[in-house]
2 protein chains.
Amino acid sequence: MTDTSNVNDSARPSRRGFITAAAATAAGAAVIAAPAVHAQAPIKLKFQSTWPNKDIFHEYAGDFVRYVNQMAGGRVELELLAAGAVVPAFQVLDAVSSGIIDGGHGVSAYWYGKNKAFSLFGTAPAFGWDADELLGWVRYGGGQQLYDELTQQILKLNVVGMLTGPMPTQPLGWFKAEITSPDQMKGMKYRTVGLGADVFKEMGVAVTIVAGGEIVPAMDRGLLEGAEFNNPSSDTVLGFPDVAKVYMVQSYHQALECFEVLFNKTKFESLPKDVQAIIR
Amino acid sequence: MTDTSNVNDSARPSRRGFITAAAATAAGAAVIAAPAVHAQAPIKLKFQSTWPNKDIFHEYAGDFVRYVNQMAGGRVELELLAAGAVVPAFQVLDAVSSGIIDGGHGVSAYWYGKNKAFSLFGTAPAFGWDADELLGWVRYGGGQQLYDELTQQILKLNVVGMLTGPMPTQPLGWFKAEITSPDQMKGMKYRTVGLGADVFKEMGVAVTIVAGGEIVPAMDRGLLEGAEFNNPSSDTVLGFPDVAKVYMVQSYHQALECFEVLFNKTKFESLPKDVQAIIR
C-alpha cells in the first residue's frame, strides 16, 4: 500500500539528483561568482484520488505521484491524498476545475451524471476492443480531442485530463444469491456507474450510484442488494466478501475502462513545459 | 511515420522550456553576478531500433525518443536510427553493451539465440495471461529482477533493459496456401522467433530465424515459404501481401509480447537521476 509518507521517501533520491544537476548546470554556465547554489523549493500540488486509502487504485495513484516526483527531479512535489481528504470522490472534477485541489485521480465514469458523453471514456462500448485499444483511440485516433471538447468547451471546466491505465473486463459483482436470469435483478437495489446504469435502469433494476468507498457500508445497511465496483483485488480489500457471498464474474457493463488523471488547467499550464510533458 | 527530423522538430519547444527553467533556477539561487545563463549542451545518445524505417514499430521507437527528449527538457537528446544504420538488428544488444550505440529498441525474442530464458520476456507462455499482465509481472511480480539477472549476471552484458508496450496476440503468418493441418508445415521453410522456433522445429518445420526487415526479401527469393512477423499493420507496410496471399490470423506461438528498451549501463548510470527515472 502506498501512502503519502513513503511516496515522499521514494522521491528523496530524485531531489538529491536534481540538486546535483542544478549545480552542474550552474557550473557550466557563465556564472562569475556563486558562493552557494540552492535549488528552488518544489512547486507543491495537492493531488486527491477518488479512492479509499486501502484500495489498490489509490496505490496506482501513488505510483503516478511517485513517478512524476522522481522524473521532475524535485521541481514539483505532488502530495497524494485519498478520497474525502479535501472533497468527496464525486466532487473531484469540480474541485480540480475550481482549484480547491490541483489534481485528481479517478475514472471518467464518475462524471456520467454531468454528461453522458463521459461514457465514451469510462464505460465505453463493450464489443470489439479492449482497454489498450481504447487508449490507442484516445491518443492516436481522435479520442483526446473529443475528451477535451467535452470537458473544456461543452462543460467549461478549467481542467486538463489524461486517460491512462488499461483495466480488464469487470465482473457483474456481488450478490446475496446466484444470478441466473435478468429477471432476478428487476427492482434490485444495485450499484453500477456510467452507461451501464442507464442500461440496467431500462431492465427495471433500481440502480443506485455511489462512490467506490461507500458501497460496502451501503450493502451492510441494506441500502444496496447487489453491487459491482471493479475487480477481485479491490473488491476483496474493500470488504465485499463480508457483505455478499456470491461473486458473478462475467459481464458486459464495463468490458474496458481506464483511469483518468486531472489537473487544474491554469496550474498545469504554469508548469515548465518539460514537467507538463512528464505529467502527460 | 516518425523519422529523425520530425522527432527533433517536436523536441524543440521542450528545449526552449528548459532554458526558461534553468534561468529561473539560477535567478532563485544565491548567485552574486550572472551576466548570462546558458543551458548545458544536451547529452546526445545514439538510439538504434531493430526495425526497418517504414515499420510502425520504428514509429513506436520514435514516440519513445520524442517523449524522453520532451520530458528531459533538452538535457538529453536521443537520436533515432533505424535497423542497420550502425549495426544489423540482431547485433543491437551486443552493440549497446559494448557502447557502439548508447541505446536500442527491440524485443527480447531477438536474443533467444544467446539464452533461451529470453523467451520469458519475448515469447512468454501463451495461456492464462495477456501482455498487460506480463508487464505487471515484470514490474511488480519479480520479472525485472530475473531479466536483470539474465542480462547482467549470467550474460555479463553492460546493459539496463526495460520492458514496455504490450502487444496483442500474433497471427501464424503468411503462406502460399491455406494451412489446415500441422502436417502441411512439415519441412516448410518458416520464419518465427523465440520459444516458438523450438516448438515448430519439434513439429518438423524448417525454422529460419531472420530479423523483421529481412523476411519479405527472403520470401521473394524463395528462401522462406511461410513467415510470421507480428501484426497486420506492420506486415502490410513491410510488403507481406506482395509475396504471400494467405494470412492465417490465429496462433499460440506469441500470444503476448512487449517491446524492450536497452541502454548501455555505464552511460545510463552517468545520467542525472531524474533523467534515468524519465527513461524508465
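Chain A is the first sequence line, chain B the second, and so forth, proteins listed ahead of strands; every chain is numbered from 1.
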(Q) Take a 6.0 Å sphere around OH of Tyr60(B) and say whether it holds more than 12 heavy atoms from other residues, nucleotides or ligands. (A) no
Residues 132-140 of chain A vs chain B, non-hydrogen distance cutoff under 4.5 Å, contacting residues -> Asp132(A), Tyr140(A)
By ring pair (Phe, Tyr, Trp, His ring centres under 6.0 Å), Phe240(A) pairs with (sequence neighbours left out) Trp174(A)
query = Do the non-hydrogen side-chain atoms of Met71(A) and Ile278(B) ever get within less than 4.5 Å of each other?
reply = yes
Here the gap from Arg280(A) atom CZ to Gln70(B) atom CD, rounded to the nearest 0.5 Å, amounts to 10.5 Å
